[in-house]
*Asks:* 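Can you read through this structure? Questions will come right after.
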Amino acid sequence: MGGGITRTQALVIGGGATGVGIARDLAMRGVSVVLLERKSLGSGATGHCHCLLHSGARYAITDPGAAAECAEENAIIRRIAPYCIEDTGGIFVAISAAEERYGYDLLHAAERTHMPTEEASAATCRALEPSLTRETRMGVRVRDASVDPLALVAATAASARAAGADLRADSEVVKIRREGDSVRGVEVRDLTRGETYEIEADIVVNAAGPWAGRVAALAGVEVPVTPNAGVLVALARRVVSTVVHRCRPPSDGDIIVPLGDAAILGTTSRPAPTLDDIEVNEWEIEAVVAPAIEVVPIVVTTPRARAFAGARPLFGKALQDGRKASRGFAILDHARLHGVRGFLSVAGGKLTIHRLMAEHAADAVCSYLGVGVQAECRTAVEELPPLPPASEASSRADGALRLA
Ligand SMILES: Cc1cc2nc3c(=O)[nH]c(=O)nc-3n(C[C@H](O)[C@H](O)[C@H](O)COP(=O)(O)OP(=O)(O)OC[C@H]3O[C@@H](n4cnc5c(N)ncnc54)[C@H](O)[C@@H]3O)c2cc1C
């Protein structure tokens, strides 16, 4: 039998930013919690993302609600996790008349959501970011930052453990045990020992990101999460020092994020038929690199370190164009939706808003458990601990973001 306790109040499935955030939040509220991750912490969508701590501007025109959430959480993550982010700022760069018009639409939309933005002349843009093309016509400055997602997960995990959470990697949930209309616990396969054991729980939280539909099926319920694949290309040099966006509606290859000594170009959007080892096609790499060259010409001669892909956990039924799906999230209470008690699913969202998603999930858990007024969320105010150099997520994740 796997080590540790076999009974807990809350059991979280999935050790991405969201699941680890939920475990931290619950443990800080005094709830006993076990988290099970089938691989290593941060090895899912979290470790295969673009590393952009969104200002919200990317969604200001199309999804003002998601934009406002990003803006608020951006400020909180800067405050609680200063060691995990780099305050690069961001610029939306216009290189055509149509893009210039989009820039002014963006400024107006940002004003409506009270998001700090600033118009920048072509000269200011090129002074800030000398690698920008001479075709630059204007820009919109925003409060983006780059974030190391593996460091963020490792720091969140350290804080969760310090508060009493039991986080287990290499532990795959293979069954969700139901008695009538109530979920009672899970069956876990310990992948290092090759053993299976059971854990009883008062409530189980499905935080499996793009795998959320598969995990929900183990409990016999449906969760409308559509996995959507995105390809990213890591350059071996930091060609920009500011996050550079193309000033146009979201499309392929419109963002360049500086990260340490590297830069990440991205991304694409297509249905993800598989969730592990997503294939990266040559045409997808070109779809990311070619638009980046238009705005930062030096990309053409910069060596590429690697190309990789991740699956976004988009909330909602399959859409032809994943870019039109909301970046919002929902906490699904399966008692209300399907008559199955003791089971919640977290659907959708982004890395930038993972803490908020965790707060809402933890609120729902506490309300189910009947934990009283002392169960107040403190994750927005308590800083994460600084990391030891070789942290668990950083050293054990599959290397998607380890670019050296
Ligand atoms: C290409 C791409 C670029 C992105 N760029 C950004 C960005 O720049 N900024 C941003 O804010 N967001 C970005 N996102 C979105 C962001 O990465 C995700 O929304 C977020 O990381 C999801 O975290 P999560 O914890 O919900 O899911 P995940 O990180 O996927 O975690 C779910 C975990 O569940 C585990 N699991 C699955 N099944 C089981 C099981 N049966 N038992 C145990 N464990 C299980 C998986 O192994 C996985 O580790 C991007 C996503 C992609 C794909």
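For ligands, and for the atoms within them, numbers begin at 1 and follow the listed sequence.
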*Asks:* At the 4.0 Å heavy-atom cut-off, does P149 count as touching ligand 1?
*Replies:* no
*Asks:* Say whether K39, considering both its backbone and side-chain N or O atoms, lies within less than 3.5 Å of an N or O atom on ligand 1.
*Replies:* no
*Asks:* Please work out which of the three classes, parallel, tilted or perpendicular, describes the rings of F329 and H360, given edges at 30° and 60°.
*Replies:* perpendicular
*Asks:* Do any nitrogen or oxygen atoms of E172 come within less than 3.5 Å of a nitrogen or oxygen of ligand 1?
*Replies:* no
*Asks:* Among all protein non-hydrogen atoms, which one is nearest to atom 16 (C) of ligand 1, and what is the separation to 0.1 Å?
*Replies:* L351 N, 3.6 Å
*Asks:* Could you pull out, from V147, T46, V231, the option with a heavy atom nearest to atom 23 (O) of ligand 1?
*Replies:* T46
*Asks:* Using a 4.0 Å heavy-atom threshold (strictly under), name the region of C70 that reaches ligand 1: side chain, backbone, both or neither.
*Replies:* neither
*Asks:* Mark yes when over 12 heavy atoms from residues, nucleotides or ligands other than R141 sit less than 6.0 Å from its CZ; otherwise mark no.
*Replies:* no
*Asks:* How does C51 reach ligand 1, if at all, at less than 4.0 Å between non-hydrogen atoms: by side chain, backbone, both, or neither?
*Replies:* backbone
*Asks:* With respect to L52, determine whether any N or O atom, backbone or side chain, lies less than 3.5 Å from an N or O atom of ligand 1.
*Replies:* yes
*Asks:* Looking at R341, I'd like to know if its CZ atom is crowded, meaning that more than 12 non-hydrogen atoms belonging to other residues, nucleotides or ligands lie closer than 6.0 Å.
*Replies:* no
*Asks:* Using heavy atoms and a threshold below 4.0 Å, how should the contact between A311 and ligand 1 be classified: side chain, backbone, both, or neither?
*Replies:* backbone
*Asks:* Below the 3.5 angstrom mark, is there an N/O of R312, backbone or side chain, next to an N/O of ligand 1?
*Replies:* no
*Asks:* Please say which of S146, C51, P258 ends up in a side-chain contact (heavy atoms from CB on, under 4.5 Å) with I264.
*Replies:* C51
*Asks:* Counting heavy atoms only, which part of A309 comes closer than 4.0 Å to ligand 1: side chain, backbone, both or neither?
*Replies:* neither
*Asks:* Counting neighbours of CD on E383 that are heavy atoms of other residues, nucleotides or ligands and sit closer than 6.0 Å, is the number greater than 12?
*Replies:* yes
*Asks:* Can S251 and R248 be counted as having a side-chain donor-acceptor contact under 3.5 angstrom?
*Replies:* yes
*Asks:* Give yes or no for whether the N/O distance cutoff of 3.5 Å, strictly under, is met between G230 and ligand 1.
*Replies:* no
*Asks:* With respect to G348, determine whether any N or O atom, backbone or side chain, lies less than 3.5 Å from an N or O atom of ligand 1.
*Replies:* no
*Asks:* Less than 4.0 Å between a side-chain N and a carboxylate O, is that true for R101 and D105?
*Replies:* no
*Asks:* Out of S43, A208, G44, indicate the one that has the non-hydrogen atom closest to atom 32 (C) of ligand 1.
*Replies:* A208
*Asks:* Please work out, at 4.0 Å between heavy atoms, whether the side chain, the backbone, both, or neither of R214 comes within that distance of ligand 1.
*Replies:* neither
